[in-house]
Amino acid sequence: MKITLKISPEEYKGPFNLINTIRSGQTSQPAWFYKDDYFRELINVAGKPCLVKISQRSCKKDSTMDIVVECPENLEEDVIKARIMEIFGLNDDLNDLYEYLRSDPMLEPTIKFCNGLRLFKAHDVFECLISSISSANCSIIRWNKAIKDIKMKWGDEYKFPSGTFYTFPKPEILANVPEHDLEEMQRCEDNLPEDFKFTNNLKSCGVGYRAKYIIKAAEMVQTEIELDKLGNMSYENAFNTLLKIPGVGPKVADCILCYGYGYGYGKAFPVDVWIGRIVSELYFNGEEIKPQKVRQFGMEKFGEHAGYVQLYLFHYARKSGLLDSLKK
DNA sequence: TTACAGGAGCGAC
DNA sequence: GTCGCTCCTGTA
């Protein structure tokens, strides 16, 4: 059945820009599929797979969101709305954030370049974990494609009037997929034609050497790591727990806490080379600083706003040309 | 064509 | 604990 609803600017604090939020490359999930003015994704709402389509009328910032939900049975509007509010960071108070950003001359310019940009939270923390592992040492385009490939190959397929969508596979599925084409070949008992292309393995999705990390991560979340409990731990505890997973270092762990769990972990400050260069340029006269120091600096200086500050600094640098100037 | 960019793992110190 | 090499793929 089909449910339509709206979320108006009066329902959240500060501006919201849907396109920028979805396309900002946050590792909670790949960008949603875009067609005919609507961004689309299959979301689990109250245990039901629903196709959620969202459009923000015209390009005007702060404009109302039009939402169409296709789901197998009737769902409370409030439940759907709460889920969407959570995913798009609409419970975060951006007026409060902007007041904070304006108090620092280095951060103040980020506001006009990132207006309405919000944390894009995971709708599936396991997907966020694997997305974040895949993003390491990799471009946004590449890891987005990899995750979409994984969903198509091993996710559950759901057909809706407006198209076919896939869930992110459960850990027990992903833990058992072949790592590379040799392993896939060994598992085939049939007589295959000589020129058969092996494409049902993780490496064929473009994750490269991270394939073995992904499989191991999928195993670990079924045994020693309980993703559901991470959200209730102290930040340090959750961070150290995530570091046990292969392929998860400090940057990836912070991304998972920031985008996967949001709320309590506003102080996570994911540091990649770009954030390192930006922080160095803005606060240390371009002097080279080690990532660990940048992380410590970010967490101490920006406190509970650290996650948003890193998001805003990166996009400000991208759009203002600062990033290009740092490449030289 | 080859060189390099991008985080994390790993072995050497 | 820190250094430097390696992993894979896309891009220049």
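In what follows, chains are A, B, ... by sequence order, proteins preceding strands, each numbered from 1. Side chains are part of it too, since the values below use all heavy atoms of this structure and drop only hydrogens, waters and symmetry mates.
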Sugar-phosphate only, base, or nothing, as touched by A:Val252 at under 4.0 Å among non-hydrogen atoms: sugar-phosphate
Of A:Ile245 and A:Arg210, the one whose closest DNA chain B nucleotide lies more 5': A:Arg210
Contact boundaries on DNA chain B for chain A, cut-off under 4.0 Å to non-hydrogen atoms: B:dG6 to B:dG9
Rounded interatomic separation in angstrom, taking CG from A:Leu202 and P from C:dC8: 14 Å
Sugar-phosphate, base or nothing in reach of A:Trp274, heavy atoms under 4.0 Å: sugar-phosphate
Between C:dG10 (P) and A:Ile141 (CD1): distance, integer Å: 11 Å
d(OH, A:Tyr213; P, C:dT9) in whole Å: 13 Å
A:Ile140 CD1 to C:dT11 C1', straight-line distance once rounded to whole Å: 15 Å
Charged N-O contact under 4.0 Å between A:Lys6 and A:Asp66: yes
Nearest-angstrom distance from the residue atom NZ of A:Lys145 to P of C:dT11: 11 Å
Integer-rounded Å distance: C:dT11 C1' and A:Asn137 CG: 14 Å
Touch class at under 4.0 angstrom, heavy-atom based, for A:Pro250 against every strand present: sugar-phosphate
Test of ring centre spacing under 6.0 Å for A:Phe39 and A:Phe33: no
Sugar-phosphate, base or nothing in reach of A:Arg277, heavy atoms under 4.0 Å: sugar-phosphate
Candidate pair A:Arg277 and A:Glu288, rule salt bridge (Lys or Arg N to Asp or Glu O under 4.0 Å), full reasoning: CA-CA 8 Å; A:Arg277 287 168 195 168; A:Glu288 201 176 312; over 6 Å; no
Sugar-phosphate only, base, or nothing, as touched by A:Leu243 at under 4.0 Å among non-hydrogen atoms: nothing
A:Arg102 to A:Tyr312, cation-pi by 6.0 Å centre distance and 45° axis angle: no
Whole-Å distance separating the OH atom of A:Tyr209 from the C1' atom of C:dC7: 6 Å
Electrostatic pair A:Lys151-A:Glu127, nearest N-O below 4.0 angstrom: yes
Check against side chain to side chain donor-acceptor pair (under 3.5 Å), A:Tyr283 and A:Asp104: CA-CA 11 Å; A:Tyr283 293 97; A:Asp104 180 337; 2.8 Å; yes
Short N-O contact, A:Lys203 and A:Asp181, less than 4.0 angstrom: no
Separation of atom CD1 in A:Ile133 from atom P in C:dC8, rounded to whole Å: 17 Å
